[in-house]
A.B. asks: 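Take a look at this one; I'll ask things after.
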2 protein chains.
Amino acid sequence: MKYNLPHKTIERLSQYRRALLICLEKGQTHIYSHEIARIQHITAVQVRRDLMLIGYTGTLRKGYNVKELIELIGEIIDSSEGINVAIVGMGNLGRALINYFIGKRSHLRIVASFDINPDKIGNTMSGVPCFSIDDLPQIVKEKNIRIGIMTVPAEFASQTADLLVKSGIKGILNYTPKPVNVPDDVYLEEYDMITSLEKVAFYVKLNEQKIV
Amino acid sequence: MKYNLPHKTIERLSQYRRALLICLEKGQTHIYSHEIARIQHITAVQVRRDLMLIGYTGTLRKGYNVKELIELIGEIIDSSEGINVAIVGMGNLGRALINYFIGKRSHLRIVASFDINPDKIGNTMSGVPCFSIDDLPQIVKEKNIRIGIMTVPAEFASQTADLLVKSGIKGILNYTPKPVNVPDDVYLEEYDMITSLEKVAFYVKLNEQKIV
DNA sequence: CTAAAAATGTGAAAAACTTAACACTGTTAG
DNA sequence: CTAACAGTGTTAAGTTTTTCACATTTTTAG
Ligand SMILES: NC(=O)c1ccc[n+]([C@@H]2O[C@H](COP(=O)([O-])OP(=O)(O)OC[C@H]3O[C@@H](n4cnc5c(N)ncnc54)[C@H](O)[C@@H]3O)[C@@H](O)[C@H]2O)c1
Ligand SMILES: NC(=O)c1ccc[n+]([C@@H]2O[C@H](COP(=O)([O-])OP(=O)(O)OC[C@H]3O[C@@H](n4cnc5c(N)ncnc54)[C@H](O)[C@@H]3O)[C@@H](O)[C@H]2O)c1
């Protein structure tokens with residue numbers, strides 16, 4: 001990787017692509033920085049800066065070529081061979097996630113799910129087979145799974161993370177509200193919806209106080 | 001509000017509280033900055049700085065009083081009367097969210113859900129009644145709902161956001177992958193799981209390249 | 001009683017990130 | 001033909017956020 005991109009830029013590139021894919025579908029061939037900016041609620045300068053960082057140059061007065069930009073973003077943030085992903089915990093959230101992800105991004109392949117409940121093991125959802133959590137280490141190796149998404153109950157968070165790490169996984173996306181610990185060579189991302197909701201609530205309160 | 005807290009600090013305070021509640025349950029009365037830091041994968045200085053910003057002082061050599069700190073964080077980020085919340089779109093994700101939120105934070109009350117599907121309207125889930133989307137404006141007023149969580153299909157994102165805004169809502173948490181536009185006085189938070197997953201994938205790839 | 005250790009609190013420096021300002025260049029209207 | 005316009009690309013400045021470094025305080029050990 002020749003670039004040393006800011007973390008925030010990585011997130012925004014993913015978001016730009018999401019917006020660009022919609023534009024492409026609509027048949028739009030070019031887009032201005034300020035159009036992207038408005039969709040993402042940021043400034044046009046920010047967009048141009050990010051594109052500068054990845055070395056993309058638009059056409060003066062015409063903006064950026066949607067197709068080209070989608071491809072370039074792909075070259076930068078995706079890995080060329082794609083990456084295999086597993087979901088652990090096929091409850092409400094796990095099922096919702098599979099439904100949502102499936103078919104959305106070709107380089108992110110959800111190839112397995114895991115559960116402890118015998119009723120779920122053996123089922124297939126949106127083409128993703130559900131295995132016993134006991135078989136996780138083996139299947140992770142067999143299928144070359146490198147990322148695990150955790151949607152197990154909070155009390156099983158740590159042990160699930162440990163199991164994933166021990167099985168050789170290199171990235172974890174933790175949706176349980178329980179932070180977990182992983183070695184330095186495993187990339188960890190955690191997200192709790194309550195934090196988002198509390199943040200919204202805080203700023204709603206703040207806005208109200210400003211008006212008063 | 002006397003404090004002018006950084007955005008990031010607000011997020012972390014919510015996370016600190018989540019961790020502190022677990023400690024409280026376990027019967028732990030005091031906690032050091034470095035303990036909080038380790039749970040949250042940040043530095044102890046960062047924790048102390050945040051607590052400094054909210055004016056909390058711990059006991060030297062004993063750390064912070066768990067109960068006191070939970071209360072202070074509540075005073076700062078919660079609104080004293082609590083806040084009413086609605087979920088729009090009772091599909092997989094909407095149902096998962098209700099199950100998860102319910103009873104977790106007393107100041108965030110999910111008091112209604114909305115859908116367009118007649119099969120769902122009239123049902124109650126975890127004590128939350130589901131109304132027709134057509135009744136949204138009225139119910140928002142009746143129940144004094146100030147935050148809306150959007151979990152409708154992406155193609156209905158904009159119109160749902162417009163409806164919420166027109167009905168007088170002051171904060172939106174958008175879980176559809178389609179960014180929406182709202183007036184300045186409405187606080188908007190958007191989250192797309194694909195961005196998180198792509199970020200994990202990017203850093204997994206990066207780590208692998210470093211090793212090579 | 002004193003020194004070492006282990007914690008907090010914070011001013012100042014550093015790093016990360018965003019915005020301003022403007023040079024540059026095709027495009028369009030007159 | 002030319003001036004105004006509307007975009008891009010980028011340097012520099014500004015802002016926000018994090019980290020460093022260390023003074024301070026309590027506890028513990030000798
Ligand atoms: N539901 C949400 O919207 C939401 C939001 C944020 C976070 N979360 C968190 O995500 C997690 C899952 O939420 P949910 O609503 O899907 O819960 P759920 O109870 O519906 O699903 C949990 C699933 O995990 C399985 N499971 C239990 N122990 C396991 C183990 N040791 N190994 C593998 N699988 C195991 C269960 O059989 C079940 O299928 C919880 O930690 C929850 O707090 C949920
Ligand atoms: N499932 C996920 O994990 C996931 C993750 C991220 C984002 N999302 C997004 O969240 C949204 C919901 O996902 P889902 O899996 O729950 O989908 P879903 O299809 O299961 O649920 C959508 C629900 O919205 C209702 N609905 C449709 N139009 C409506 C309208 N105009 N007003 C009110 N309700 C309406 C439907 O009747 C249905 O109950 C989608 O936009 C999806 O892309 C889902």
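Every chain is numbered from 1 and lettered A, B, ... according to where its sequence line falls, protein lines coming before strand lines.
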A.B. asks: Would you call A:K170-B:E208 a salt bridge at under 4.0 Å N-O?
C.D. replies: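 The answer is no: the pair does not qualify as a salt bridge.
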A.B. asks: Within the pair A:Y64 and D:dG9, is there a side-chain N or O less than 4.0 Å away from OP1 or OP2?
C.D. replies: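 For D:dG9, OP1/OP2 do have a side-chain N/O of A:Y64 under 4.0 Å.
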A.B. asks: Rounded off to whole Å, could you give me the CG-to-P distance for the A:D50 and C:dT18 pair?
C.D. replies: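 Rounded to the whole Å, the gap is 8 Å.
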A.B. asks: If the threshold is 4.0 Å, N to carboxylate O, is there a salt bridge linking A:K104 and B:D192?
C.D. replies: no
A.B. asks: To the nearest Å, how far apart are B:L60 CG and D:dT28 P?
C.D. replies: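 So the CG-P distance, B:L60 to D:dT28, works out to 12 Å.
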A.B. asks: For A:K8 and D:dT15, give me the distance from atom NZ to atom P, rounded to whole Å.
C.D. replies: 17 Å
A.B. asks: May I have the distance from A:Y32 (atom OH) to D:dA6 (atom C1'), rounded to whole angstrom?
C.D. replies: 8 Å
A.B. asks: Reading DNA chain D from 5' onward, which residue's closest nucleotide shows up sooner: A:K62 or A:V45?
C.D. replies: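 The residue mapped nearer the 5' terminus is A:K62.
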A.B. asks: If only side-chain N and O atoms of B:R48 are considered, is one of them under 4.0 Å from the OP1 or OP2 phosphate oxygen of C:dT8?
C.D. replies: yes
A.B. asks: Can you tell me the distance, in whole Å, between the CG atom of B:N4 and the P atom of D:dT16?
C.D. replies: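 Computing the B:N4:CG to D:dT16:P distance gives 9 Å.
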A.B. asks: Using the closest heavy atom to pick a nucleotide of DNA chain C for each, name whichever of B:S33 or A:P6 lands nearer the 5' end.
C.D. replies: B:S33
A.B. asks: Quick one: label A:T9 by what it contacts on the DNA or RNA (base, sugar-phosphate, nothing), any heavy atom closer than 4.0 Å.
C.D. replies: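 Here A:T9 touches no strand at all.
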A.B. asks: Can you check whether any acceptor in the base of C:dC17 is under 3.5 Å from a donor in the side chain of A:R49, or vice versa?
C.D. replies: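 Between C:dC17 and A:R49, which were checked side chain against base, a qualifying N/O pair under 3.5 Å is absent.
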A.B. asks: What integer distance in Å separates A:I42:CD1 from C:dT18:C1'?
C.D. replies: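 Spelled out: CD1 on A:I42 to C1' on C:dT18 is 10 Å.
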A.B. asks: Between A:T59 and D:dG7, does any side-chain N or O lie under 4.0 Å from OP1 or OP2?
C.D. replies: no
A.B. asks: Let me spell it out: for each of A:R61 and A:M52, pick the nucleotide of DNA chain D with the closest heavy atom. Which residue's pick is nearer the 5' end?
C.D. replies: A:R61
A.B. asks: Would A:E189 and A:Y187 count as having a side-chain donor-acceptor pair, cut-off 3.5 Å?
C.D. replies: yes
A.B. asks: Decide if atom NZ of B:K141 counts as having more than 12 heavy atoms of other residues, nucleotides or ligands within a radius under 6.0 Å.
C.D. replies: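 Buried by this count: over 12 neighbours within 6.0 Å.
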A.B. asks: Looking at B:T57, I'd like to know whether one of its side-chain N or O atoms comes within less than 4.0 Å of OP1 or OP2 on C:dG9.
C.D. replies: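 Yes, such a contact exists.
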A.B. asks: Output the rounded distance in Å from CD (B:Q46) to C1' (C:dA14).
C.D. replies: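 Going from B:Q46 (CD) to C:dA14 (C1'), I get 14 Å.
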A.B. asks: Above 12 or not: heavy atoms from other molecules or residues under 6.0 Å from CD of A:E25?
C.D. replies: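 Not buried by this count: 12 neighbours or fewer within 6.0 Å.
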A.B. asks: Nearest whole Å is fine: how far is C:dT10 P from B:L53 CG?
C.D. replies: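 Answer to the nearest Å: 10 Å.
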